There are 2 protein chains.
Amino acid sequence: MKNHQVTIIDIARELGISKSTVSRALTNSTNILPETREAVLKKAKELDYQPNMLALGLIRNESRTLGVVIPDIQKPFFAAIVSGIQHTVSRIGYRIVIAQSDESPLEEKENIKALMLSRVDGFIVCHTRDTKDFEHIKLLHGKGYPLVSFARICPELPIPKVVEDDFNGLYTTTQHLIEQGKKRIALLAGPRQLLASKLRVNGYKVALQQHGIPFDKELVVHTKFLHDQVAAALERWLSLKHPPDGICTIYDAGAVKLIELLKRKGIKIPHEMAVAGFGDDPAASIIEPGLTSYAQRPYEIGVIAGKYMLDLLSKKYPVHHSDMTICKGALVVRGSSR
Amino acid sequence: MKNHQVTIIDIARELGISKSTVSRALTNSTNILPETREAVLKKAKELDYQPNMLALGLIRNESRTLGVVIPDIQKPFFAAIVSGIQHTVSRIGYRIVIAQSDESPLEEKENIKALMLSRVDGFIVCHTRDTKDFEHIKLLHGKGYPLVSFARICPELPIPKVVEDDFNGLYTTTQHLIEQGKKRIALLAGPRQLLASKLRVNGYKVALQQHGIPFDKELVVHTKFLHDQVAAALERWLSLKHPPDGICTIYDAGAVKLIELLKRKGIKIPHEMAVAGFGDDPAASIIEPGLTSYAQRPYEIGVIAGKYMLDLLSKKYPVHHSDMTICKGALVVRGSSR
DNA sequence: CGAAATTGTGGGAACGGTTGCGGGAATGTT
DNA sequence: AACATTCCCGCAACCGTTCCCACAATTTCG
């Protein structure tokens, strides 16, 4: 089976005309006798003709395929973004191929190389948490590939970017805890070099400052998003002379873990210790008490990234167009802080 | 930019040899003078030559791309499966393009048509909950496309399939509730025509029967997985003369919803009402009490589906090879039943 | 030493389409 | 009636690569 797919040559032969005429009938609307065109269309339908996109791609030097490189499709955040991208670009006839870096910078590089070989028309990328070297991306950009990055970006690269409102997210949550009467607020942060983490820490700092609360660096713990580090951070905080009465986190999974630990210790939430997260993961509304969390809209991030890409592809933007959308979120207040 | 990618002709011109020779140097190891080969390889690296897969695909009539059609990438179950597929096939140099049907049979059909146009080499499909007409799939199969389906399958189609252990899952959970001393066990099921739902209902029935508990069809409610229907079902059960003391569900989201409703009503879990789910969603371990649930291994389902596809592509299996893997799971017992 | 086998290379067809160019028939213009 | 114009259509080149075939040069063998 899978024998000889029908080609325009088959149609031409059956109709006793040349393949150019068939091609014109199927594409170009000019320079073709209406009756001929009808005949071709009819025959095409009859034989169930389907154009070979590979051949077309070879001519146009495009594949109408976009490479999407993400750390892990199993994270709800990325799944939602992928969904948004896919829905956006598929309406214009683009497909997306997914590659996962599994948070490995090497894998990220390999994936991009492989996608380049298969001649994708553009890249939508979210870097690994540990990606420090952006040479592979700069290379792509130098070659003129349409490029969009989101969430974890390389700020100096002149390409469209879509990010969450990192600063404002933690500014808002921190302020919320202060308004709830909390005086000493700890922060569970991410890796020091991660831009998104830095921005969120800044939001936290500025909120404290604006409310006249001194910044205490003992209250900030940097993690690599590991469960064990969350437990260790909590122990450290609780052993302080002046332990915190509220904890902000820059990611929900950490906040969820904290709530579990606090409950096990019999510490009352939110009265003895308030907790707030970032991301509004599905878990936030399931755990008890509900987790107050800054809700991002990852699906929208995907939609915007997809639109940026379409604009680049249609040359509406030049490839070095350096635009950035900061995707606003909103604080969802639940029992963990109220 | 993105000007004239380097081709073998460029290499040939620079070296003053023919493109056939260059091609041989880069692929075929025979019939080529070692020095010539070296020179070509060196020049290729120097010019940063990258083969054009489109051209290759045109010759081989393959794209080394697989179409993955799923209802919704945002569901953790599908995300995990996609991840498994991607990891499996990418090692052999295949890419996957994702299309979402959003549970719409029409969209499913359109997606498959579009993927066929772009000449994917095979399809890995999970049908919509409402897909009743499988003509589009049969058409694909008739054309000789490698085809693998998972989770929601069309049983009569002679293609490899990967499914969860639907029957055994509900058999095990039901039996577990019986062993916990429950005498009247209700079942929150899915749509009547959905095969997976039917199989799970059967598991429930057989477990009851083997333990001498009469089947009461008042205790079985068929839903379309809508939240409102869960609430309605619970109301109905509680208003019965002999209300149930345990509830099995065929999906975790329903069980989670039930737990929330029961807690709100002040009904003690598990003493007054035990609850069990299917799927071991992330939520199952977060909600309180923890939800007893039959854990599937969706990532493994993806891996197996990917392997089936690779076997089909390498002609190890004929396209009409009708094999089926039932992916065993295990009951995770938590507070909702213990 | 001449015929045959081997080896490295170039030419060109093929994959399935698009597209510029030119030719021939039909029509329009003087 | 002679010429210009239009309108369809076929020819052939092209996209980048593989691969079969032919051919020349070199080696092997009788």
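These figures come from a predicted structure and were not determined experimentally. Reminder, nothing fancy here: chain letters follow the sequence lines and each chain counts from 1.
Between the C1' atom of dA13(C) and the CG atom of L58(B) lies a distance of 13 Å, rounded to the nearest Å. When the C1' atom of dT18(D) is taken as reference, atom CD1 of I9(B) falls 12 Å away, rounded to whole Å. Straight-line distance from the CG atom of N61(B) to the P atom of dC15(C): 10 Å, rounded to whole Å. In this structure, R119(B) places its CZ atom 8 Å from P of dG16(C), rounding to the nearest Å. Protein atom CG of L26(B) is 15 Å distant from nucleotide atom P of dG16(D), rounded to whole Å. Atom pair L56(B):CG and dA14(C):P shows a separation of 19 Å (rounding to whole Å applied). For the pair R37(A) CZ and dC7(D) P, the interatomic distance rounds to 16 Å; values are reported in whole Å. Remark: P of dT19(C) and CZ of R60(A) are 6 Å apart, rounded to the nearest angstrom.
Projected onto DNA chain C by closest heavy-atom contact, I59(B) and P34(B) fall at different nucleotides, the more 5' of which corresponds to P34(B).
Across all strands shown, N52(A) has heavy atoms under 4.0 Å from sugar-phosphate atoms exclusively, and none from any base. Within the nucleic acid shown, L33(A) comes within 4.0 Å of sugar-phosphate atoms alone, with no base atom in reach, counting heavy atoms only. Using a 4.0 Å heavy-atom cutoff across all strands shown, Q50(A) reaches sugar-phosphate atoms only and no base atom. L54(A) comes within 4.0 angstrom of no nucleic acid atom, judged by non-hydrogen atoms across all strands. Among the heavy atoms of the strands lying under 4.0 Å from I32(B) are primed sugar atoms or P, OP1, OP2 only; no base atom is included. Contacts of T7(A) with the nucleic acid, taken as non-hydrogen atoms under 4.0 Å apart, involve only primed sugar atoms and P, OP1 or OP2.
Among the candidates K132(A), E108(A), R152(A), E103(A), the single residue satisfying the side-chain hydrogen bond (donor to acceptor under 3.5 Å, both in side chains) test with H127(A) is E108(A).
Considering only heavy atoms from C-beta on, I98(B) comes within 4.5 Å of V68(B) through its side chain. Put simply, the side chain of N61(A) reaches to within 4.5 Å of the side chain of N52(B), judged on heavy atoms.
At least one side-chain nitrogen or oxygen of S23(B) sits closer than 4.0 Å to the OP1 or OP2 atom of dT18(D). Within the 4.0 Å cut-off from OP1 or OP2 of dC9(D), not a single side-chain nitrogen or oxygen of T21(A) is found. Residue T36(B) places at least one side-chain N or O closer than 4.0 Å to OP1 or OP2 of dT9(C).
In the interface, the side chain of R24(B) is paired with the base of dG10(C) through a donor and an acceptor atom under 3.5 Å apart. Judged by atom type and distance alone, S20(A) reaches the base of dC11(D) through a side-chain donor-acceptor pair under 3.5 Å. If you check distances only, the side chain of K19(A) never reaches the base of dG10(D) with a donor-acceptor pair under 3.5 Å.
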Exercise. Where do M309(A) and I85(A) land on the side chain to side chain contact (heavy atoms under 4.5 Å, CB included) test, with the steps shown first?
Worked result: CA-CA 9 Å; M309(A) 178 52 71; I85(A) 296 174; over 6 Å; no

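Note on ring orientation: taking the six-membered ring where Trp is involved, the planes of Y299(A) and H87(A) are tilted (angle from 30° to 60°).
Aromatic ring centres of H321(B) and Y308(B): separated by at least 6.0 Å.
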